[in-house]
Peer 1: 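Can you read through this structure? Questions will come right after.
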Amino acid sequence: MLKKLFGSPVGKKLVTGITGLGLVGFVLLHMVGNLALFSGDQAYNEYSEFLTGMGPLFYLVEAGLLAFFVFHIVTGIKIAIGKRRARPVGYDRYQSAGAPSRQTAASRSMIVTGMILLVFTVFHLISFKFGPGGPGNDDVAYLVAYDGGEPIRNMALLVRERFASPLYAFGYTAVMLLLILHLRHGVWSALQSLGAMKPSISGLVYTVGGLLGAGTGIGFLFVPMALYFNLI
Amino acid sequence: MQIKLKVWRQKGPRDTGRFEEYVVPDANPHMSFLELLDVLNEQLIMEGKDPVEFDHDCREGICGSCGVVVDGVAHGPQQRTACCQLHMRHYKDGDSIVVEPWRASAFPIIRDLVVDRSAFDRIIGAGGYVSVSTGAAPDANAIPIPKVVVDEAFDYAACIGCGACVAACPNASASLFTAAKISHLALLPQGQAERAQRVVNMVDQMEAEGFGDCSNHAECEAVCPKGISIKGIATMRREYIKATLSQ
Ligand code: HEM
Ligand code: FES
């Protein structure tokens, strides 16, 4: 039954839809969390310490996220390969017939924006989570005193250092724009994939999805831009 | 009016095929697009060449036999119009038009613009019918069904099986076609007995025929001559989830 539920043409969409929405929830929380830096370095470091300090619960969430990523990516790639197989010879001329079609640059490039997000995510984890002061990378220079307890990781310092570089600040910005593109089609699409769509709300959901995607992407840009231009 | 045509020519399933260019010097604006191809074919026959093969039957937009990609859009530029009902008055003198067959590995080309759409028949054969005895026409009228439900079922039943949805889908998915029949029968009392088995079998068959998966581009709805809504695809997914969970 599980193979039928998740392996069939309908099932693949359940997988991309469920994992896609889960990842949207994650990036939304992550974005809001990042804004803690605007409350000061100490608040940011304490927030980081709060998350890692949750212990088993934190690892559970991390494992879940990893699983969501893997299923999302594997299924996305399967769909992209299946598409080539289903139409080995393309058209000499091809264009969209226009509304009610929702075919856009965003919908056509999901696999490309997705792949770039994947490469980015790996790089992002290496430079921050597993960066100096992180797991397996102890560095006393990246520790900071914490009221009455063990010193904690100075995440704020690392973030400040990284986003001083234009390569980081603008590379990050570019990837966030691709995230917006991915979510512009993704949010609406995920609900349609789960069968949770009807014409009377589809225009609304499409707009709200677009705004949610744009809001998330733009929200991520406050920290790097503020740091790069020395505003905080 | 003069119309230039660039038409896909392919002698048979194994021929590699190529485009050929033709000029129809005196097309009439009242002609349908298929009549333009008729005129072209008369020209070709007079010149001793092979006419362009294309599918057609009713020529009034109700049978689903016709279907070619006209300038990159399945059935051409008029929405909710099969290409047999596309009229040359939408073109101007000197226009050039590219004509291609449906492209999908599940729809192999037989010759020129004619493709084999029997994959659709096999999807219907897998469950797109009602096998319980429903009586004759008067019996149908004896079963009260609310008008809104009947209307919605009819909107799905309007599918003529032309294959434009597959042709236009960037993934060559047959989701709209399959969903239309599933949604149509799921709404009616006569369809209830086989409801769960139908959706599972039809989706399985759709996969077995080698159609692609749906990425929710909604291009299918835009080219469907009957304007069938992708709401049906959402319904198919709900039906499928319910059916597999209850199996
Ligand atoms: C920040 C991480 C990501 C988020 C929030 C996200 C979100 C989403 C959402 C909501 C959808 C719509 C699901 C659906 O249509 O059913 C989607 C689709 C898709 N995602 Fe992602 N995604 C992320 C990362 C990735 C990555 C790393 C890949 C790598 C390949 C990827 C590839 C795809 C593809 C190919 C689709 C389209 C599937 C289809 O054709 O139906 N995504 N994504
Ligand atoms: S020929 Fe019958 S629908 Fe076009």
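Residue numbers start from 1 in every chain, and the chains themselves are labelled A, B, ... in the order their sequence lines are given, proteins ahead of strands. Hydrogens, waters and symmetry mates are skipped; everything else that's a heavy atom, side chains included, is used.
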Peer 1: Among B:Ala243, B:Pro101, B:Ala234, which residue has the highest count of heavy-atom pairs closer than 4.5 Å to chain A?
Peer 2: B:Ala234
Peer 1: What's the separation between atom OG1 in A:Thr16 and atom CG in B:Asn216, rounded to the nearest 0.5 Å?
Peer 2: 7.5 Å
Peer 1: Please identify, among B:Gly227, B:Cys214, B:Ser229, the residue contributing the most non-hydrogen atom pairs under 4.5 Å to chain A.
Peer 2: B:Cys214
Peer 1: I need the residue from A:Lys198, A:Arg84, A:Arg93, A:Lys83 with the largest number of non-hydrogen atom pairs under 4.5 Å to chain B.
Peer 2: A:Arg93
Peer 1: From B:Tyr240 OH over to A:Lys13 NZ, what is the distance, rounded to the nearest 0.5 angstrom?
Peer 2: 14.5 Å
Peer 1: Using non-hydrogen atoms only, which part of B:Ser215 is less than 4.5 Å away from chain A: side chain, backbone, both, or neither?
Peer 2: both
Peer 1: What residues form a salt bridge (charged side-chain N to carboxylate O under 4.0 Å, His left out) with B:Arg9, not counting sequence neighbours?
Peer 2: B:Asp112
Peer 1: Answer with side chain, backbone, both or neither: which region of B:Val69 has an atom nearer than 4.5 Å to a non-hydrogen atom of chain A?
Peer 2: side chain
Peer 1: What parts of residues 97-124 of chain A touch chain B if we use heavy atoms and a cut-off under 4.5 Å?
Peer 2: A:Ala97, A:Gly98, A:Ala99, A:Pro100, A:Ser101, A:Arg102, A:Gln103, A:Ser107, A:Arg108
Peer 1: Can you tell which part of B:Val200 gets under 4.5 Å to a heavy atom of chain A, answering side chain, backbone, both or neither?
Peer 2: side chain
Peer 1: Side chain from CB out, backbone as N, CA, C, O: work out which of these in A:Leu191 comes under 4.5 Å of a heavy atom of chain B, or both, or neither.
Peer 2: neither
Peer 1: Quick one: ring-ring contact (aromatic ring centres under 6.0 Å, His included) partners of A:Phe130, sequence neighbours excluded?
Peer 2: none
Peer 1: Under a 4.5 Å heavy-atom cut-off, does chain A meet the side chain of B:Pro77, its backbone, both or neither?
Peer 2: neither
Peer 1: Please find the pair of heavy atoms, one from A:Arg87 and one from B:Val166, that lie closest to each other, and give the distance.
Peer 2: NH2-O, 2.8 Å
Peer 1: Among B:Cys220, B:Ala104, B:Ala218, B:Gly212, who wins on heavy-atom pairs under 4.5 Å with chain A?
Peer 2: B:Ala218
Peer 1: Nearest 0.5 Å, what's the OG-CE distance between A:Ser8 and B:Met206?
Peer 2: 8.0 Å
Peer 1: Identify which of B:Arg103, B:Glu221, B:Lys231, B:His75 forms the greatest number of heavy-atom pairs closer than 4.5 Å to chain A.
Peer 2: B:Arg103
Peer 1: Could you look at B:Phe19 and say if it's the side chain, the backbone, both or neither that has a heavy atom under 4.5 Å from chain A?
Peer 2: side chain
Peer 1: To the nearest 0.5 Å, what is the distance between CE (A:Met197) and CZ (B:Arg238)?
Peer 2: 10.5 Å
Peer 1: May I ask you to check whether over 12 heavy atoms, not counting those of B:Arg14, lie within 6.0 Å of atom CZ?
Peer 2: no
Peer 1: Does atom OH of A:Tyr47 have more than 12 heavy-atom neighbours from other groups under 6.0 Å away?
Peer 2: yes
Peer 1: Within a 6.0 Å radius of atom CZ on A:Phe58, are there more than 12 heavy atoms belonging to other residues, nucleotides or ligands?
Peer 2: yes
Peer 1: In a check of side chain to side chain contact (heavy atoms under 4.5 Å, CB included) between A:Pro9 and each of B:Arg237, B:Met236, B:Glu207, which one passes?
Peer 2: B:Glu207
Peer 1: If you compare all heavy atoms of B:Gly210 against all heavy atoms of A:Ala86, which two are closest, and at what distance to 0.1 Å?
Peer 2: O-CB, 3.6 Å
Peer 1: Is the number of heavy atoms from other residues, nucleotides or ligands under 6.0 Å of A:Phe71 CZ greater than 12?
Peer 2: no
Peer 1: Quick check: under 4.5 Å, non-hydrogen atoms only, which of residues 167-176 of chain B neighbour chain A?
Peer 2: B:Ala167, B:Ala168, B:Cys169, B:Pro170, B:Asn171, B:Ala172
Peer 1: Is A:Ser202 in contact with chain B via its backbone, its side chain, both, or neither, using a 4.5 Å heavy-atom distance?
Peer 2: neither
Peer 1: What residue, out of A:Gly82, A:Pro88, A:Ser193, has the most heavy-atom pairs lying under 4.5 Å from chain B?
Peer 2: A:Ser193
Peer 1: Do you know the tightest heavy-atom contact between A:Gln95 and B:Val73?
Peer 2: CG-CG2, 3.5 Å
Peer 1: For A:Tyr59, does the OH atom have more than 12 heavy-atom neighbours from other residues, nucleotides or ligands under 6.0 Å away?
Peer 2: no
Peer 1: Looking at B:Val203, B:Asp71, B:Val199, which one has more heavy-atom pairs under 4.5 Å with chain A than the rest?
Peer 2: B:Asp71
Peer 1: Please classify the contact of B:Glu100 with chain A as side chain, backbone, both or neither, using a heavy-atom distance under 4.5 Å.
Peer 2: side chain
Peer 1: Taking the side chain as every heavy atom from C-beta outward, state whether A:Ser96 and B:Glu219 have any atom pair closer than 4.5 Å.
Peer 2: yes
Peer 1: Using side-chain heavy atoms (C-beta onward) and a distance below 4.5 Å, is A:Asp92 in contact with B:Lys6?
Peer 2: yes
